[in-house]
Amino acid sequence: MGKRETVCISNEEILEQKAFINLIKELNVGKTKKYVLNTFGCQMNENDSERLAGMLSEMSYIESKDNEEAELIIFNTCCVRENAELKVYGHLGSLKKLKEQKPNLIIAVCGCMMQQSEVVEHIKKKFRHVDLIFGTHNMYKFPELLYNSLNSDKNIIEIWEEEGSIAEGMPIERNNSLKSLVTVMYGCNNFCSYCIVPYVRGRERSRSTSEIVNEVKMLGQHNSKEVLLLGQNVNSYGKDLNNVSDFAKLLNEVDKIEGIERIRFMTSHPKDLSEDLIYAIRDCKKVCEHLHLPIQSGSTRILGEMNRKYTKEHYISLIDKVRLNVKGISLTTDIIVGFPGETDEDFEETIDILEKVRFDSAYTFLYSKRTGTPAAKREDQVSEEVKKKRFEKLIIVQNKISREINDELFGMEFEVLVEGLSKNSTSTYTGRTRTNKIVNFIGNEDLIGKLINIRIEKIQTWSLEGKII
Ligand code: 5AD
Ligand code: SF4
């Protein structure tokens, strides 16, 4: 099969959407129209929501957190686990009354959940008060869809089954001006047997290096200090591009950009973690010493059934290579507990790898059956009770390791990027080390956005406290 070339949506199409932005802006002249945007799921969804917010801002909508005063309520959804879906249904149900009181209110649902036809059918049947439904592939068409919804009594539903091209040049309004999200590729080709992502996000499509570099340059000029390069599997970056680019080369390019002090990236797949990428983490000054490398299970048998394409031993050898090359690197991972057919022995292998690798922290998930994935069809599903027991054990083991690793940091000095006031405080400020550890300290407003050195004087499992030196 030949390689597909990733193409961008044409300028004309983008201009067409900008024309709809202007049409809505005209409708909103002299009015204060507010919107509430609810985002579920990963940072890629957050980045998509920043784009929705950018379009809404240009339409003269103002953001609000209060449904009662909103003219438009949007849900940008996630379907990676059932819990995320149930939350959305809960919110939609609770809006029925408000819609009855305010018939002009527009309720819109978009994002990953909408790429599943049974979900759209369910919403059409059970939540008839939803006005607008669109998916992940046509999000750039939001202005046109919203315009149509504003001018029609009918429900507007537009889902593209196939992934489209990449939309560049649409507006964006970022949640955080210091730390910016930059999506470098969309989609996933891996088809891990438990995962719905490849079905709802489509095949891998990389943005061009020049688009990414220009975006990061702009961020650097506008006082952004840190970029988080995003993709479902960033190590695959460039495989679909005609020119010979890869993620290590992209890191080297972004590393040269002025103004930006730190570069992070996620998520990486162990099967694609190249030596070049390890060297790029080591050699690029701004690339932080932190790697998020999901292992999912410590059992080689389960890894095979998950279609992960590596063994426990291979994963450990990768970690050894990373640690050998990048001094002081922190490591985090994702783990799924209770994949179908997981035995006590398989689970013990997961505990064993936690103890062998000693991750700084682990995101642990109960396996969630996702309709349409191979693992969901299996009859050897693990009972909820067993899953929960294993989950609790895993957390106890990991928390102990995280605490022990942090204990070793006592008295050490770290460079911290100051982010702002700590929650519920007027004098405690918070920031992160290059290794992504949260550090709280007494500071002042002038330090926000600056890199300062801090000596660690108190340890907690999830954060550190220190003094400016
Ligand atoms: N059940 C539980 N966790 C899942 N993840 C992906 N699919 C599922 C599922 N069906 C987890 C994986 C992935 C993270 C983003 O979500 O650990 O790395
Ligand atoms: Fe899902 Fe696997 Fe792709 Fe990650 S790499 S998004 S877990 S299919």
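The first residue of the sequence shown is numbered 1, and numbering continues consecutively from there. As the structure lists them, so they are numbered: ligands from 1, and atoms in each ligand from 1.
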Using the side chain to side chain donor-acceptor pair (under 3.5 Å) rule, pick out the option among Asp272, Asn189, Thr267 that qualifies with Asn233.
->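 That would be Asp272; it is the only one of Asp272, Asn189, Thr267 passing the side chain to side chain donor-acceptor pair (under 3.5 Å) with Asn233.
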Could you list which atoms of ligand 2 come closer than 4.0 Å to a heavy atom of His269?
->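 It comes down to these atoms of ligand 2: 5 (S).
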Examine distances only and state if a side-chain atom of [X] and a backbone atom of [Y] form a donor-acceptor pair shorter than 3.5 Å.
X	Y	answer
Asp246	Ala248	yes
Glu204	Tyr237	no
Ser368	Arg81	no

Report yes or no: do Ser297 and Ser299 form a side-chain donor-acceptor pair below 3.5 Å?
->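 Short answer, no.
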May I ask you to check whether His269 and Ser236 show a side-chain donor-acceptor distance below 3.5 Å?
->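 Note: His269 and Ser236 side chains miss the donor-acceptor criterion.
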Side-chain heavy atoms of Phe365 within contact of Phe391, under 4.5 Å |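 In short, these two side chains do not touch, never coming nearer than 4.5 Å.
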Listing by chain and number, what protein N/O/S atoms are under 2.8 Å from atom 1 (Fe) of ligand 2?
->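 Only Cys195 SG fall inside 2.8 Å of atom 1 (Fe) of ligand 2.
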Report the residues that fulfil side-chain contact (heavy atoms from CB on, under 4.5 Å) with Asp344, sequence neighbours left out, ordered by chain and then residue number.
->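 Asp344 satisfies side-chain contact (heavy atoms from CB on, under 4.5 Å) with Arg390 only.
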Name all pairs fulfilling the side-chain hydrogen bond (donor to acceptor under 3.5 Å, both in side chains) condition that reach into residues 35-44, sequence neighbours left out, sorted by first residue then second.
->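 Listed by first then second residue: Thr39-Ser49.
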Calculate, to the nearest 0.5 Å, the distance between atoms CE and CD belonging to Met55 and Gln17 respectively.
->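 The CD atom of Gln17 is 8.0 Å from CE of Met55, to the nearest 0.5 Å.
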Sub-4.0 Å heavy-atom approach of Arg201 to ligand 2 =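 No, Arg201 has no heavy atom closer than 4.0 Å to ligand 2.
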So which protein residues pack against ligand 1 under 4.0 Å, heavy atoms counted?
->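 Answer by chain and number: Val80, Arg81, Tyr194, Gln296, Asp334, Ile336, Phe365, Leu366, Tyr367, Ser368, Arg370.
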